[in-house]
Protein chains: 2
Amino acid sequence: MVEAGEAVLTHARAGQRVVVEDPFGGQVGDLFAFVADDPTEHLSASHTRSALRRLFPAVGESFYTTARRPILTIESDTSPGVHDLLIAACDAERYRQLGADEGHRSCADNLAGALAPLGIELTVVPQPVNVFMNTPPTADGTIAYGESPSAAGDQLVLRAELDVVVVLSACPMDLIAISRGGPGPLAIQVID
Amino acid sequence: MVEAGEAVLTHARAGQRVVVEDPFGGQVGDLFAFVADDPTEHLSASHTRSALRRLFPAVGESFYTTARRPILTIESDTSPGVHDLLIAACDAERYRQLGADEGHRSCADNLAGALAPLGIELTVVPQPVNVFMNTPPTADGTIAYGESPSAAGDQLVLRAELDVVVVLSACPMDLIAISRGGPGPLAIQVID
């Protein structure tokens with residue numbers, strides 16, 4: 001289980017599946033994926049869009065790395081398929097600008113904390129895959145912010161195409177209504 | 001002048017204007033901006049979208065950095081206003097996958113070459129602002145690739161909000177029809 005507002009780091013070997021579950025529904029998560037033997041290569045939103053000419057991979061399609069290699073493939077998705085690949089991870093400055101108290105948890109800090117035991121320090125936070133996040137672009141170029149429509153038990157299954165380190169943060173955002181009913185937990189497991 | 005397929009680095013102080021011109025029309029450019037006194041902070045596509053809730057800033061709006069500070073503001077735009085903030089810079093691997101000969105010029109290599117004299121080495125290429133690039137998302141989530149609609153002499157004027165280092169690469173892409181009539185030059189100047 002990924003406790004509300006916290007993050008979990010997990011390893012998956014190429015061919016294994018990373019199962020991301022929204023146990024109670026409506027919860028946004030920030031998912032980051034790094035190549036295990038060289039974390040400077042990581043999942044990249046812009047390289048994924050370049051490869052697919054899509055805003056988000058369809059089932060059967062992959063996320064790509066900064067070196068344009070497939071890293072995770074969407075094998076199945078029981079959710080409404082509403083995820084975000086446009087928006088940066090929340091961070092301390094984001095909460096400062098929203099007027100939160102200092103020390104508010106953030107997905108960026110969660111990521112740094114999860115990677116620290118591996119000795120990985122990032123100078124720039126990669127753009128995450130915001131699972132179950134409902135922020136579609138509209139015809140006039142604006143991005144609509146809506147609540148997550150995922151239901152309790154919805155699962156996104158991602159096949160690892162490389163040996164990967166995955167971090168999932170159950171987004172602590174409580175000042176903008178992106179998670180339904182406020183921040184809750186997520187679940188992640190690796191299966192063969 | 002930025003010769004076809006090449007890049008130019010320029011400095012602008014806060015308050016100065018960076019004028020990006022498409023002298024012959026239809027030419028895509030990759031523009032990167034770094035904070036002068038700490039280039040680890042740079043223009044970020046995902047932080048810009050987060051700040052604006054738009055796919056691309058409107059005239060009067062700003063691009064934001066990885067630290068969520070305004071870095072460049074669009075002061076005016078005589079082009080049709082068609083620019084891209086979704087697609088990664090072209091790089092050696094992109095051309096390899098497209099079947100080009102080794103050694104094809106790329107915006108990523110151009111950026112590295114432009115920054116080298118300043119002693120700046122990047123581990124990850126920031127996502128650029130692809131000026132005059134016509135790649136809008138469509139209702140089904142696909143990204144339409146069209147030719148650049150800019151006309152000869154079109155200008156995008158960006159006001160520096162911080163002391164910045166700007167790199168503009170006249171995109172050498174000649175295997176996908178994004179620049180009208182093949183790769184051509186661009187122009188960039190800094191004015192008060």
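Chain identifiers are assigned alphabetically (A, B, ...) following the order of the sequence lines, protein sequences preceding nucleic acid strands; residue numbering begins at 1 within each chain. Side-chain atoms are counted along with the backbone in the values below, which use heavy atoms only and exclude waters and symmetry mates.
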What part of A:Ala67 lies closer than 4.5 angstrom to a heavy atom of chain B: side chain, backbone, both or neither?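 Just its backbone gets close to chain B.
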
Under 4.5 Å heavy-atom distance to chain B, tell me which part of A:Ala58 shows up: side chain, backbone, both or neither.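 It is neither, since no heavy atom gets under 4.5 Å.
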
Do you know which two heavy atoms are closest between [X] and [Y], and how far apart they sit?
X: A:Leu9; Y: A:Ala114; value: CD1-O, 3.3 Å
X: A:Cys90; Y: A:Cys171; value: SG-SG, 4.0 Å
X: B:Pro137; Y: A:Leu55; value: CB-CD1, 3.7 Å
X: B:Ala89; Y: B:Pro128; value: N-CD, 3.6 Å

Report which part of B:Ala144 has an atom under 4.5 Å of a heavy atom belonging to chain A: side chain, backbone, both, or neither.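 Answer is neither: B:Ala144 stays 4.5 Å or more from chain A.
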
Side chain from CB out, backbone as N, CA, C, O: work out which of these in B:Leu98 comes under 4.5 Å of a heavy atom of chain A, or both, or neither.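 Neither part.
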
Going through the checks in order, is the side chain to side chain contact (heavy atoms under 4.5 Å, CB included) test met by B:Leu118 and B:Val165? CA-CA 10 Å; B:Leu118 303 189; B:Val165 171; 4.1 Å; yes

Hydrophobic cluster of A:Ile191, others only, ordered by chain and residue number, side-chain cut-off 4.5 Å: A:Val19, A:Val157

Separation between CZ of B:Phe63 and CG of B:Leu85, rounded to the nearest 0.5 Å: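 Here the interatomic distance stands at 6.0 Å.
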
Approximate separation, where rounding is to 0.5 Å, of B:Leu158 CG and B:Leu72 CG: 5.5 Å

Short of 3.5 Å, which donor-acceptor contacts do chain A and chain B share? List atoms and distances.
from, atom 1, to, atom 2, distance (Å)
A:Arg49, NE, B:Leu86, O, 2.7
A:Arg49, NH2, B:Leu86, O, 3.1
A:Arg49, NH2, B:Gln127, OE1, 3.2
A:Ser50, OG, B:Ala88, N, 3.1
A:Arg53, O, B:Ile143, N, 2.7
A:Leu55, N, B:Gly141, O, 2.8
A:Arg68, O, B:Gln97, NE2, 3.2
A:Arg68, NE, B:Asp91, OD1, 2.7
A:Arg68, NE, B:Asp91, OD2, 3.1
A:Arg68, NH2, B:Ala89, O, 2.8
A:Leu86, O, B:Arg49, NE, 2.7
A:Leu86, O, B:Arg49, NH2, 3.1
A:Ala88, N, B:Ser50, OG, 3.1
A:Ala89, O, B:Arg68, NH2, 2.7
A:Asp91, OD1, B:Arg68, NE, 2.7
A:Asp91, OD2, B:Arg68, NE, 3.1
A:Gln97, NE2, B:Arg68, O, 3.3
A:Gln127, OE1, B:Arg49, NH2, 3.2
A:Gly141, O, B:Leu55, N, 2.8
A:Ile143, N, B:Arg53, O, 2.7

